[in-house]
Amino acid sequence: MHGPQQRGQHQRRRATQGAEWVSPALQAQTGRPVYVVQFDKRSPDGTINMSRHSRTGQGFGFVEEMTFELDRLATSFVRVVVGVAIHQDDGHKTFGDVSNTGVVVTEGYEELLTDDFQQVPGATAATVAEFTRNASGAWEFHEAVRGFDSDPVLFTQEMGSPPRT
């Protein structure tokens with residue numbers, strides 16, 4: 001796991017194979033989201049946007065992509081959590097059930113995180129990253145791969161919670 005890294009303007013997330021990107025903007029360090037961005041939605045201010053989406057995982061390259069413009073996000077937001085949820089339309093599926101799952105988090109051409117979800121094979125959803133605003137206002141990246149066994153709707157409420165010990 002990597003420590004915090006200070007981040008600049010644009011953050012780009014990519015995932016593969018039948019997963020749904022979800023990203024709540026949180027005003028507190030833990031807790032419920034103020035809003036959730038997922039397929040066919042964007043943040044109210046346009047700073048978080050899901051531009052590509054696939055329910056089947058078919059296609060060339062990354063089949064889902066979400067872009068963050070953290071430098072434009074209101075200063076009242078101090079944390080953005082990024083997660084992936086597997087579609088459950090065809091019955092219960094976990095990351096271990098879906099082939100070729102993966103996530104890459106980049107800033108420009110710099111790769112911040114690559115993960116294949118093998119550490120959470122029994123999960124139906126997972127957080128992958130957190131961006132937190134430090135005291136000077138700069139955003140920091142934190143790798144945060146953590147599995148959840150909940151439906152996609154419940155996951156959006158749980159994903160900002162502190163890890164259980």
Handout entry: Heavy-atom check, side chain of Asp149 versus side chain of His92, under 4.5 Å
Key = yes
Handout entry: Contact summary for Asp45 and Arg72, nearest pair of heavy atoms
Key = O-NH2, 3.3 Å
Fill in the blank from the handout: Between the CD atom in Glu107 and the CG atom in Leu112, the distance rounded to the nearest 0.5 Å is 6.0 Å
Handout entry: Aromatic ring pairing Phe117/Phe95, orientation class (parallel under 30°, perpendicular over 60°, tilted between)
Key = parallel
Handout entry: side chain to side chain contact (heavy atoms under 4.5 Å, CB included) involving Asp116 - partner list, sequence neighbours excluded
Key = Gln118
Exercise for the section: Look only at the side chain of Thr94 and the backbone of Pro121, and say whether a donor-acceptor pair between them is shorter than 3.5 Å. Expected result: yes
Practice task
Would you tell me whether His142 and Thr132 have side-chain atoms, one donor and one acceptor, within less than 3.5 Å of each other?
Solution key: yes
Exercise for the section: Begin from the C-alpha positions of Val80 and Leu73 and carry the test side chain to side chain contact (heavy atoms under 4.5 Å, CB included) through to its verdict. Expected result: CA-CA 10 Å; Val80 174; Leu73 195 60; 3.7 Å; yes
Problem - CG-OG1 distance between Asp97 and Thr101, expressed to the nearest 0.5 angstrom - result: 10.5 Å
Handout entry: Between Glu111 and Thr114: side-chain donor-acceptor atoms closer than 3.5 Å
Key = yes
Exercise for the section: Supply the atom-to-atom distance Trp139 CH2 to Phe77 CZ, rounded to the nearest 0.5 angstrom. Expected result: 9.0 Å
Handout entry: Side-chain (Thr127) to main-chain (Met159) donor-acceptor, under 3.5 angstrom
Key = no
Exercise for the section: State, with a plain yes or no, whether a side-chain heavy atom of Glu143 is found less than 4.5 Å away from one of Val105. Expected result: no
Practice task
Looking only at non-hydrogen atoms, find the nearest pair between His87 and Lys93 and report the distance.
Solution key: O-CD, 4.4 Å
Problem - Atom pair OG1/CG of Thr47 and Asp71 - distance to nearest 0.5 Å - result: 9.0 Å
Fill in the blank from the handout: Output for pair (Asn134 CG, Glu140 CD), nearest 0.5 Å, gives 4.5 Å
Completion exercise
In short, Gly46 meets Glu69 closest at the heavy-atom pair O-OE2, 3.8 Å
Completion exercise
Scanning both residues in full, the closest heavy-atom pair of Ala85 with Pro152 reads CB-CB, 4.1 Å
Practice task
Check the pair Thr75, Arg133 against side chain to side chain contact (heavy atoms under 4.5 Å, CB included), reporting the backbone distance first and the verdict last.
Solution key: CA-CA 9 Å; Thr75 57; Arg133 194 185 304 257; 4.2 Å; yes
Completion exercise
Those residues at least two apart in sequence (or on a different chain) that pass side chain to side chain contact (heavy atoms under 4.5 Å, CB included) with Ser150 are Phe148, Leu154, Phe155, Glu158
